[in-house]
Amino acid sequence: MKRARGIVALRIPGVSARLTDDGDDQPTDEYIPGTLAIVEKATGVFIEWTPQGEDECGWVLADEDSGHTIPSLSPKPVDASSSSSLPSSGPLSPHSRLRFSVDVNDLSSFKNVEPKKGKKGHPCIRLIAKDGTNYVPLYFLTQSTKDFIDVLQRYVTLRRSAREHQLVLVVDEKAEALAQSLSTLDQNGDIMGRFMHNPYATAMTGLSKITTFVQDQVIPAILDSDAVSQEEKIRAMRELRTETDDTRLKISREADFEVVTQLELPPRPDIFRESPVTQAVWSSFKHSDGSFDQAKSHHMMMNVFRGGVETELRKEAWKYLLGYYEWSKTPAENEKKRAKLEKDYLRMKGQWTSISEDQESRFAKYVVRKALVEKDVARTDRTLKFFAGDDNPNLAMLHNVLMTYCMYDFDLGYVQGMSDFCSPLLYVMGNECDAFWCFVGFMQRVHANFEKDQTAIKVQLNQLRDLLMIVNPKLANYLESHDSDDMYFCFRWLIVWFKREFSFEDTCKLWEVLWTCQPCPNFLLLICAATLDRQTETIIENKFGLTEILKHVNDLSMHHDLDEMLTSAEAIFHQLSASQDKLPMHICEHLALGDKSVVGTPSGDEDDE
Amino acid sequence: MSGTRRKALLKVIILGDSGVGKTSLMNQYVNRRFSNQYKATIGADFLTKDVMIDDRLVTMQIWDTAGQERFQSLGVAFYRGADCCVLAFDVTNAVSFKSLDSWRDEFLIQASPRDPEHFPFVLLGNKIDMEANRAVSAKRHVTMAQSWCAAKGGMPYYEVSAKEAVNVEAAFQAIARDALARESADTSDFPELENNINLNENNRSSSSGGCNC
Ligand SMILES: Nc1nc2c(ncn2[C@@H]2O[C@H](COP(=O)(O)OP(=O)(O)OP(=O)(O)O)[C@@H](O)[C@H]2O)c(=O)[nH]1
Ligand SMILES: [Mg+2]
């Protein structure tokens, strides 16, 4: 193996990675101690973070040169022909997967978050690569980030974003490089001419719109640099187009000839989350016979919307929220319903548990489904204690609920993502029957997400784009000019209601808010819009394209702030609701604004703090 | 000193039925790690890994997609610009082998590579650690896979295990080497412009680097 040696330009111990895993029943914020370094190697300059305990030993110290030298850190870059000799091929420490090494040339920007004034906490840096990868956030426990930034500036030019002060951009010196490579234009001169005649490329770059500078200098230079991929080249050209487009922000929907010039929305109100509904509050809303009248049940929904419910209350409250128990019924009546439904559950469970192996041999459709369910049960929330380990009886329960659902709705059967919806229900209910009927209630709302043609998801993605056009036209336009206005990068958010983006506990909190259908039926879309809104500058200033946006959005997983998302989404709702007479029809329809069956802005006493 | 370095980007897409081990293979190759706690993939994602191939620094961008068929229709934009497509099946699951044809066809339709006849595919038969459970006897299986590959213009075939890290590194290395060789064999980024151009032709000028339109 070729040994890449390096010079350590900076080494800061006491830099911890923060692990926000969904790995526990309670959200865990774990700081993994480690060392941050900037290392010069033959292959480039690298920013490297290594968890404690495996740092310098993983870096096999080289003995050459003066000062400390460090060979390459796997997995970057390695000699491909000698994988077996890599230090990391042995057993790895649990946190070794967090270790990373990034070439400064691949760095696009970083988020530099300082603790709020007067608040405790540590400064944090999160590196963002040109391909959209977000590295694990690093917390500087013993010193400020100044040294790191100073040393980094030896290698790259940094600029703090004017619009988002936490964002520090690596200034792309490509422009200069491009100008330099003009000299090689001669070799490619002819191609340039032909290129200009290529209708496909012409359409994409909108050549008619771009400036002579771009035509004369940038495009030939882009064509010249064979080191950049085709995708990158084309993206660079598109970006140039966007820059010219940026000045004319407006919304035009050719489809229905609805042209809206940018709508001034009122300022976003400040919204605060309230504390979760407690058992005592819950009980106090009930009549003496244990039922809720309509006004009270509605009021309770509002409370749940604003604060969620206490963990201990979930088992009871979720049954109501999911329509398994009826608000207007007494506990005895609900219990009676439950007894009937339990029989029903067992009947349907019996239908598949009684299929013999011999029958299976002639029942391929069923066998395929069973295999799918088995495969997914084995891959659902296994980091959670509740589902951990082999032969865990809770796995069998999850399997039974999902298989019985296949009998309940054989037309749909089992589709991936359903186990994600089922797992928290089983966790909270603790038994198959209740979990099953809650699941049935939940599936009623999300059934369409799993249907074969996927129309429902496409509709939601389109609605989200429409909303974003109003809420944040700048971002919406950017996405459109970067081939991303199909909003595919939000697919995972929508299909499993952010289950993959949050810790288990936060997922529960989010879902109970969404089950209330307040303040409008499509509140999930507003949460998506609010979440994207927060990423506006990061996406635009990093000049992310289709691929990078997807990667960036994927990497936000487990780094979202739920309360922030919920309050922003609600604030956006109030903005839109206040301007509903000016909004295009389809936006009002997406949010059922003006629809009296859904109480929008709660007026009067309820709304006041 | 790093400014002059030229780094090639290879985009590799892994396709195959749900549960054949695509996510596990990608993680085994990039992170040298296997976990039975990975979740079923929803949507699409990629990991990158820098490798040296014959003194050339290459960034492998490995795309992992969902095997669930109905989720496929939405994510196909990311097939475009692929340099290589890795088809994966589970040696203990005959159905996953039968699906290979449709995965290959779907890829060719969606990615619409310039030269579909010669687009580089690689076949991986995963989970060979579960030898005993093989759907078909090991020997027959290899024969089946090999003849399928032969019928597809000599597609390379590797038997691997993401769990036990058998052959994974070697397979991906070969993938990189092959894709890189094709890359440098391409004489021009716009080969269709070499001759007379038909302006009306709806020619997709995506070379191996591809674009996403
Ligand atoms: N024994 C064994 N099991 C494996 C191997 N690779 C993957 N698995 C298991 O097979 C199951 C599916 O693996 P994944 O990597 O999630 O499969 P996938 O192809 O990504 O599936 P989708 O994301 O649903 O498309 C998991 O339970 C893995 O633990 C292997 O090499 N050997
Ligand atoms: Mg997967």
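Convention: sequence-line order gives letters A, B, ...; per-chain numbering from 1.
Contacts of A:Arg492 with chain B are made by both backbone and side-chain atoms, with heavy-atom separations under 4.5 Å. Only the backbone of B:Tyr38 comes within contact range of chain A, with at least one heavy atom under 4.5 Å from a heavy atom of that chain. Residue B:Asp17: no heavy atom, backbone or side chain, is found under 4.5 Å from chain A. Within the 4.5 angstrom heavy-atom criterion, no atom of B:Ala176 approaches chain A. Heavy atoms closer than 4.5 Å to chain B are found in the backbone of A:Ala378, but not in its side chain. Neither the backbone nor the side chain of B:Ser35 has a heavy atom closer than 4.5 Å to any heavy atom of chain A. Contacts between A:Asp131 and chain B at a heavy-atom distance below 4.5 Å involve backbone atoms as well as side-chain atoms. Looking at A:Val415, both its backbone and its side chain come within 4.5 Å of chain B, counting heavy atoms on both sides.
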- Item | Test log, rule ring pair (Phe, Tyr, Trp, His ring centres under 6.0 Å), inputs B:Phe78 and B:Phe46 | CA-CA 10 Å; B:Phe78 297 98; B:Phe46 66 84; 8.7 Å; no
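Side chain to side chain, B:Thr41 and B:Thr23 meet the donor-acceptor criterion of an N or O pair below 3.5 Å. For the residue pair B:Glu106 and B:Tyr79, no side-chain donor N or O sits within less than 3.5 Å of a side-chain acceptor on the partner.
Looking only at heavy-atom pairs under 4.5 Å with chain B, the residue among A:Asp376, A:Ile495, A:Asp420, A:Leu550 that has the most is A:Leu550. The residue among B:Ala170, B:Gly75, B:Gly67, B:Ala165 with the most heavy atom pairs within less than 4.5 Å of chain A is B:Gly75. Between chain B and the residues A:Gln416, A:Lys375, A:Lys458, the most heavy-atom pairs under 4.5 angstrom are made by A:Gln416.
Classification of the B:Phe121-B:Phe119 ring pair by plane angle, with boundaries at 30° and 60°, yields perpendicular.
For A:Asp381 and B:Lys39, the salt-bridge test passes: some basic side-chain N is under 4.0 Å from an acidic carboxylate O. Ion pairing between a basic and an acidic side chain is recognised when a charged N comes within 4.0 Å of a carboxylate O; A:Lys130 and A:Asp103 show no such pairing. Ion pairing between B:Glu69 and A:Lys452 fails under the 4.0 Å rule for side-chain N and carboxylate O.
Under a cut-off of 6.0 angstrom, the local environment of CD in B:Gln37 is crowded, with over 12 non-hydrogen atoms contributed by other residues, nucleotides or ligands.
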